[in-house]
There are 2 protein chains.
Amino acid sequence: MESRIDRIKKQLHSGSYKLTPQREATVRVLLEHEEDHLSAEDVFMLVKDKAPEIGLATVYRTLELLTELKVVDKINFGDGVSRYDLRKEGAAHFHHHLVCIECGAVDEIQEDLLEDVEKIVERDWNFKVKDHRLTFHGICWRCHDKTEDKSENE
Amino acid sequence: MESRIDRIKKQLHSGSYKLTPQREATVRVLLEHEEDHLSAEDVFMLVKDKAPEIGLATVYRTLELLTELKVVDKINFGDGVSRYDLRKEGAAHFHHHLVCIECGAVDEIQEDLLEDVEKIVERDWNFKVKDHRLTFHGICWRCHDKTEDKSENE
DNA sequence: GTTTATGCAAACTATTTGCACTTTA
DNA sequence: TAAAGTGCAAATAGTTTGCATAAAC
């Protein structure tokens with residue numbers, strides 16, 4: 001059976017990009033940190049274990065390439081750092097994010113949720129939606145539970 | 001009758017911030033470009049007409065201050081530049097954006113549209129929503145009309 | 001053997017900060 | 001006049017680029 005990494009390799013090939021050890025190592029790091037929101041620097045540090053000679057510029061170039069291939073999505077949560085988020089395989093759209101303003105945690109929402117909103121945008125604004133970015137800022141369940149003084153005793 | 005700028009001045013005062021000519025000039029520029037999505041550099045260029053001695057650092061400091069006071073919202077459309085967008089007076093939430101991938105135009109949606117989605121997020125993810133960022137990427141009505149070969153004759 | 005990719009260092013861009021001086025309240 | 005704000009220049013941080021070398025196909 002074909003693995004996720006094999007399919008990404010094929011995508012590289014069909015774009016007539018070469019399959020280098022640096023690219024493969026970078027993809028592996030992303031797959032191993034699917035839940036995280038790594039910056040280029042984060043990826044660089046992690047990928048150095050697998051390919052110690054790699055340069056930061058190569059990481060940037062690879063991440064740009066993977067963004068182009070829609071393997072990852074580039075996102076920015078407001079600190080001036082771009083983060084790279086593996087797109088769920090076969091996902092038509094980018095998933096959504098919950099950023100906690102207390103602890104900084106970033107959680108993901110894979111559910112679409114925007115189907116109706118996009119229909120309205122297409123109809124009322126005559127705008128052909130190709131992709132979206134949706135981020136909620138607020139208090140996550142962990143921080144919510146923490147500050148709550150057990151008012152919900154049964 | 002009290003004007004928008006007077007109310008913003010009061011907000012500054014009640015935060016015990018001083019009202020300097022540089023700050024007033026910056027606010028005026030933002031008010032005069034309510035529809036735009038100006039970068040700090042853009043604001044700097046425009047504000048120089050009103051206050052030629054102003055420095056770029058002051059513009060950055062003022063924009064940060066206005067963000068804190070929720071007079072403006074800071075947003076990033078993916079080029080590495082922060083843009084500052086005047087919040088509609090009395091608006092509970094930040095408005096949404098339509099970014100055209102053809103021509104780069106940025107249009108605004110003032111309608112909420114996310115009420116239902118936020119209810120779901122609060123209920124199903126136990127996340128207390130305080131604010132959001134929603135941007136659609138796609139083809140705007142202008143570019144859509146341009147490329148369309150008149151297939152919609154009556 | 002060509003073309004494409006890499007690593008390094010230098011360049012660039014957006015933003016922040018330190019500090020002496022000025023202004024506001 | 002005390003506290004806060006300003007302008008300038010230097011520092012910082014993230015990202016990009018030029019180029020000689022190396023690897024993939």
Touch class at under 4.0 angstrom, heavy-atom based, for B/S39 against every strand present: nothing
Nearest-angstrom distance from the residue atom OH of A/Y84 to C1' of D/dG14: 10 Å
A/D73 and A/H95: side chain donor to acceptor below 3.5 Å: no
Atom pair distance, as rounded to whole Å: NZ in A/K48 and P in C/dT6: 16 Å
B/E64 CD - C/dT15 P separation (whole Å): 12 Å
A/N76 CG - D/dA13 P separation (whole Å): 17 Å
Residues A/D131 and A/K70 bridged, charged N to O under 4.0 Å: no
Pairing of A/R7 and A/E89 as salt bridge, 4.0 angstrom limit: yes
Under 4.0 Å protein heavy-atom contacts per nucleotide of nucleotides 1-10 of chain D, with B for base, S for backbone only and - for none: --BSSSBB--
D/dC25 OP1/OP2 closer than 4.0 Å to side-chain N/O of A/H13: yes
Nearest-angstrom distance from the residue atom NZ of A/K9 to P of D/dA24: 12 Å
side-chain N/O B/Y60 vs C/dT16 OP1/OP2, d < 4.0 Å: no
Residue pair B/H137 / A/R133, side-chain heavy-atom distance below 4.5 Å: yes
